[in-house]
Amino acid sequence: MNVVLTVMTGPRAGVRMRFTDKAAITIGRSKTTDFHVLDGTMSRVHAVVAHGPGGWYVEDQKSRNGVWIHDRQVKRELIDSGTVFNLGHETSIRFEVEDELRTSSASFSVLPACSVCGRPIESVTDLVRSPDGRPTHLACRTLDHLIGTELGEFRVSERAPSLGAAFFFRAHQPTLNRMVLLEVYDLPLTSQPGFRTRLLEEVRSASRFVHPNILQIYAFDEARGISFVAMEHFRGERLAQVLEQRRFVKIRGALQVAAGIAEALRYVGTHGVTPSWVSTAQVLVSEDHDAKVKLFEDPTPGGEREPTAREAPYAAPEVLAKSSPGGEPALVYSVGAILYHMLAGIPPFEGDSVAEVLRRAQRESPPALRRINMKVSPALATLVDDALARDPALRPATLDLFLDRLKQAAAPIR
């Protein structure tokens with residue numbers, strides 16, 4: 001029988017150990033324990049997890065700060081697979097009997113129902129536990145228990161719109177008396193091999209840039225076993241969400257957003273950084289059409305990030321085909337595709353997969369912009385067509401040239 005112990009929160013969050021055919025497992029900060037957890041608020045031998053006549057139980061070993069389950073201090077308590085118990089002030093540990101999970105998955109069509117959506121959990125890999133031990137789908141998990149609490153030097157106030165796989169919250173930083181945006185990464189993300197290292201590299205690279213159209217990064221930190229990035233507070237929505245809700249964006253607003261994105265990309269280019277593409281999911285827009293680009297992305301398991309099917313309409317064909325790493329003509333294509341979507345209400349090319357989007361971009365032309373939106377001027381329509389040219393050599397060669405033509409196209413608009 002395999003028992004798995006996972007540190008959910010605390011200094012060693014993410015540590016996971018499997019014990020095979022072991023009837024008693026000692027836990028503490030001493031290196032002589034079976035499950036060594038370096039937490040100063042724990043005793044040297046803090047607790048033991050053992051199997052007895054009634055099943056598995058956790059027992060306090062006369063520790064200084066006790067063993068807690070559901071905010072209740074226990075001396076000796078029977079536990080089930082999935083139980084989370086707290087040791088000391090910071091560390092929580094999830095107990096699982098691996099064989100029981102496998103048997104349950106093999107013998108029945110479903111695992112326990114999700115405590116959030118109520119639908120059955122059909123795969124062990126999709127099963128995560130909330131801090132109080134409740135089963136949830138990986139996609140249904142929330143970190144709402146952080147609201148109203150301290151995360152490092154920040155006090156979390158409310159949830160904010162998501163910009164990726166992580167969770168976003170608005171928070172107050174008392175030391176500087178300012179609001180910030182927190183991007184919070186919990187255990188299912190940070191436990192992926194190499195995730196934290198790649199995330200830190202992304203954040204370090206993006207933190208160099210200070211520009212009106214770039215979401216500025218303040219800090220990267222860890223607290224309570226959670227990694228998070230503190231960024232400037234910006235009250236806006238993801239452009240992707242705006243476009244899902246409305247068919248058209250007013251022309252002047254669309255031009256302002258497109259110019260902001262191009263200005264941000266031009267700025268990072270002067271510092272030697274040239275992304276391969278930018279999508280509507282990376283752009284925040286305010287009601288006044290101010291735009292902010294989020295430069296760093298959540299790391300992917302494979303290490304190198306590629307466009308998803310939802311991002312593919314904004315990536316140049318040569319980038320999707322992997323025949324070129326990109327460059328300024330590819331970024332001109334990205335901005336042109338975003339501008340087309342804002343003006344037309346649809347992306348230039350759509351598909352259920354990256355391959356389908358690429359096939360259409362290589363063989364078809366996008367629907368004529370002025371047939372969809374007659375308010376678009378001929379000069380603006382021509383600029384968007386040029387930016388979306390299949391051949392990179394036929395596009396405006398630089399973002400500077402694109403911005404100059406964008407300003408000329410905007411001049412007649414009142």
Side-chain angles (χ1 to χ4, degrees), residues 1-102 104 111-112 114-116 121 124 127-136 138 141-146 149-151 186-188 190-191 222-226:
M1 182 180 292
N2 293 334
V3 167
V4 177
L5 297 180
T6 305
V7 182
M8 303 295 291
T9 61
R12 296 196 70 194
V15 171
R16 175 184 171 96
M17 287 188 66
R18 179 182 290 106
F19 300 89
T20 302
D21 296 329
K22 194 170 180 64
I25 304 163
T26 55
I27 307 171
R29 61 182 173 86
S30 171
K31 291 183 179 180
T32 61
T33 55
D34 298 313
F35 194 48
H36 172 223
V37 181
L38 190 60
D39 179 346
T41 67
M42 289 175 56
S43 299
R44 292 177 60 79
V45 181
H46 196 104
V48 63
V49 170
H51 192 269
W56 288 94
Y57 62 88
V58 60
E59 184 175 16
D60 190 359
Q61 300 296 294
K62 299 180 180 179
S63 65
R64 185 171 69 251
N65 292 313
V67 177
W68 301 75
I69 298 178
H70 299 301
D71 297 325
R72 178 173 57 86
Q73 188 170 6
V74 300
K75 293 297 182 183
R76 176 186 169 111
E77 187 84 359
L78 286 172
I79 54 177
D80 299 319
S81 183
T83 297
V84 175
F85 52 87
N86 297 282
L87 308 178
H89 295 321
E90 298 181 355
T91 297
S92 64
I93 294 176
R94 183 172 67 197
F95 164 83
E96 291 174 292
V97 181
E98 202 171 53
D99 294 345
E100 287 182 9
L101 283 175
R102 287 174 179 168
S104 174
L111 288 168
C114 174
S115 60
V116 176
I121 301 173
V124 174
L127 171 66
V128 295
R129 299 278 177 175
S130 62
D132 59 4
R134 293 179 301 162
T136 64
L138 184 64
R141 73 193 193 282
T142 71
L143 295 181
D144 287 356
H145 64 281
L146 295 176
T149 67
E150 305 285 341
L151 195 58
D186 62 342
L187 185 62
T190 57
S191 60
E222 293 180 337
R224 297 161 58 184
I226 293 174

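Basis for what follows: all heavy atoms, side chains included, without hydrogens, waters or symmetry-related copies.
Classification of the W56-F95 ring pair by plane angle, with boundaries at 30° and 60°, yields tilted.
Formation of a donor-acceptor pair under 3.5 Å by the S92 side chain with backbone atoms of N86 is not found in this model.
Atom CG of N2 sits about 4.0 Å away from atom OG1 of T20, to the nearest 0.5 Å. Distance check, rounded to the nearest 0.5 Å: CE of M42 to CZ of R29 gives 9.0 Å. Atom OG1 in T83 sits 12.5 Å away from atom CD1 in I93 (nearest 0.5 Å). For the atom pair NE2 (H46) and CD (E59), the distance works out to 12.5 Å, reported to the nearest 0.5 Å. Here the CZ atom belonging to R18 is positioned 11.0 Å from the CG atom belonging to L5, to the nearest 0.5 angstrom.
Contact check for F85 versus V49: side-chain heavy atoms found under the 4.5 Å cut-off. At a threshold of 4.5 Å between non-hydrogen side-chain atoms, the residues L146 and I226 count as touching.
R72 pairs by the side chain to side chain contact (heavy atoms under 4.5 Å, CB included) definition with V74, E77, not counting sequence neighbours. For H89, there are no ring pair (Phe, Tyr, Trp, His ring centres under 6.0 Å) partners two or more places apart in sequence or in a different chain.
Closest non-hydrogen pair, E96 versus T6, comes out as OE1-OG1, 4.3 Å. When every heavy atom of V45 is checked against every heavy atom of Q61, the shortest pair comes out as O-CB, 3.5 Å. Of all heavy-atom pairs spanning Q73 and W68, the tightest one is N-CE3, 3.3 Å. S30 and T33 make their closest contact through O-OG1, 2.6 Å (heavy atoms, listed as atom of the first residue, atom of the second, distance). Closest heavy-atom contact between V58 and A47: CG2-CB, 4.3 Å. Taking all atoms of both residues into account, the shortest heavy-atom contact from R64 to S43 is N-OG, 2.9 Å.
For T91 and D39, the side-chain atoms include at least one donor-acceptor pair closer than 3.5 Å.
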